[in-house]
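The structure appears right after this line, and notes come after that.
Predicted model only: the values in this text are computed from it and were never measured. Numbers restart at 1 for each chain; the letters A, B, ... are given by sequence-line order, proteins then strands.
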Amino acid sequence: MMGMMSAFKVATWNVNSLRVRLPHVLSWLASAKPDVLALQEIKMLEADFPYDAIREAGYVAAVSGQKTYNGVAVLSRQASSDLLTDIPDLDDHQRRVLGVTIGSVRLLNLYVPNGESVESEKFKYKLNWLTKLDLFLKNELKKYPQLIVLGDFNIAPAEIDVHDPKRWEGQVLFSTPERQAFQALLQVGFSDCFRQLSPDEKSYSWWDYRMNAYKRNMGLRIDHVLASKPLSLLCEQCYIDQSPRSWERPSDHAPVVAEFALR
DNA sequence: ATGGTTGCAACGCAA
């Protein structure tokens with residue numbers, strides 16, 4: 001109907017192998033019923049993607065995969081179009097990016113490099129990757145006013161996003177250059193939906209498999225949904241669904257969900 | 001306390 005609002009529910013989840021986590025994804029889709037689910041670390045080739053199971057669940061899939069590592073996919077109820085798998089001017093064989101258009105919304109699903117440690121070459125690769133992303137997003141915002149950038153950013157933006165900021169200070173995922181890179185992304189014209197709606201909430205999206213980190217709630221908020229300013233005004237809910245992290249043989253990440261009241 | 005756990009794939013690498 002004319003003028004009627006409809007909820008557009010998007011989610012992001014680093015599944016750490018879709019081969020292992022397919023039952024988790026199917027179960028979560030059935031209960032959460034998002035319009036879109038962006039997956040990271042599917043760790044498989046497109047040829048091995050479980051298209052049939054995803055279709056039977058009521059979703060279509062756009063996939064950018066590779067063998068063994070990385071790999072991203074976007075599941076959606078509506079078909080997606082205008083797929084993009086690479087950031088211009090970033091020569092990267094690692095499959096970490098998937099842009100799609102769904103209805104009036106442009107989505108960019110990201111698996112930002114982990115960085116390993118602040119002393120490593122992978123850390124330099126991470127920072128360069130984020131710089132190139134920044135330049136890319138400036139142009140994407142001009143093309144797509146309704147833009148959502150979501151995924152595993154491998155950055156906890158602030159102290160409130162870390163269970164023990166003192167211990168994590170200067171470490172990868174929470175170092176100053178990474179946090180500055182995250183702020184630079186926001187400065188391009190995005191809002192961190194979770195933090196926008198819950199300024200004081202301590203809620204994490206990732207817990208290390210080691211040291212019983214989940215049971216002790218030793219987590220970090222490193223998975224994010226960023227919305228362009230026009231869209232952020234329409235964001236009505238954003239939350240982290242911790243429940244799948246407590247399931248049998250879980251991913252080390254939990255899904256982050258955001259709901260937008262599209263016109 | 002420089003540990004520990006998981007996935008992939010092959011006895012190491014990446015997270």
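Taking side-chain N and O atoms only, A:R21 has a distance below 4.0 Å to OP1 or OP2 of B:dG7. Contact check, A:K67 against B:dA9: a side-chain N or O comes under 4.0 Å of OP1 or OP2. Note on A:T68: every side-chain N or O is 4.0 Å or more away from OP1 and OP2 of B:dC13. Here A:R96 does not reach the OP1 or OP2 of B:dA14: none of its side-chain N or O atoms lies under 4.0 Å away.
A:H253 places its NE2 atom 13 Å from the P atom of B:dG7, with the value rounded to the nearest Å. As rounded to whole Å, 14 Å separates atom P of B:dA1 from atom CZ of A:R167. Rounded to an integer number of Å, the gap from A:L220 CG to B:dA15 C1' is 13 Å. Here B:dG7 presents its P atom at 5 Å from OH of A:Y209, a figure rounded to the nearest Å. Going from atom NZ of A:K43 over to atom C1' of B:dC13 covers 10 Å, rounded to whole Å. Here B:dG7 presents its P atom at 17 Å from CG of A:N114, a figure rounded to the nearest Å. Between the CD atom of A:E119 and the P atom of B:dT2 there is a distance of 17 Å, rounded to whole Å. Distance, A:R210 CZ to B:dT2 C1': 11 Å, rounded to whole Å.
When the P atom is used for both B:dT6 and B:dA1, the distance is 25 Å, rounded to whole Å. B:dG3 and B:dG12 have their P atoms separated by 15 Å, given to the nearest Å. B:dT2 and B:dG7 have their P atoms separated by 26 Å, given to the nearest Å. Of the P atoms belonging to B:dC8 and B:dG4, the separation is 22 Å, rounded to the nearest Å. Only the C1' atoms considered, B:dA15 is 15 Å distant from B:dA9, to the nearest whole Å.
Side chains of A:Y51 and A:E46 form a contact here, defined as non-hydrogen atoms less than 4.5 Å apart.
Proximity note for A:R19 (side chain, C-beta onward) versus B:dA15, B:dG7, B:dC8: the nearest is B:dC8. Here the side chain of A:M211 is nearest to one of B:dA15, B:dA1, B:dG7, namely B:dA1.
For the pair A:D152 and A:P250, both in contact range of DNA chain B, the more 5′-proximal nearest nucleotide belongs to A:P250. Mapped onto DNA chain B by nearest heavy atom, A:I42 and A:P113 fall at different nucleotides, with A:I42 at the one closer to the 5' end.
Side-chain contact of A:D241 with A:W28: a donor-acceptor pair under 3.5 Å is present, judged by distance alone.
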### Task
Determine, step by step, whether A:Q40 and A:N109 satisfy the side chain to side chain donor-acceptor pair (under 3.5 Å) criterion, reporting the C-alpha distance in whole Å, the side-chain angles of both residues, the deciding distance to 0.1 Å, and the verdict.
CA-CA 8 Å; A:Q40 303 87 36; A:N109 177 20; 2.7 Å; yes
### Query
Checking salt bridge (Lys or Arg N to Asp or Glu O under 4.0 Å) for the pair A:D161/A:R179: CA distance, chi angles, key distance, verdict?
CA-CA 11 Å; A:D161 301 310; A:R179 291 162 67 184; over 6 Å; no
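At least one donor-acceptor pair closer than 3.5 Å links the side chain of A:Y209 to the backbone N or O of A:P250. Without hydrogens or angle criteria, A:S80 side chain to A:A61 main chain gives no donor-acceptor distance under 3.5 Å. At distances below 3.5 Å, at least one donor-acceptor pair connects side-chain atoms of A:Q146 with backbone N or O atoms of A:S104. The closest donor-acceptor contact from the side chain of A:R21 to the backbone of A:N16 lies under 3.5 Å.
Nucleic acid contact for A:Y111: sugar-phosphate only, since backbone atoms but no base atoms lie under 4.0 Å from a heavy atom of the residue. A:E41 comes within 4.0 angstrom of the backbone, heavy atoms only, and of no base.
Stem regions for DNA chain B, each three or more consecutive Watson-Crick or G-U pairs with both distances under 3.5 Å and listed by first number, read B:5-8 with B:12-15.
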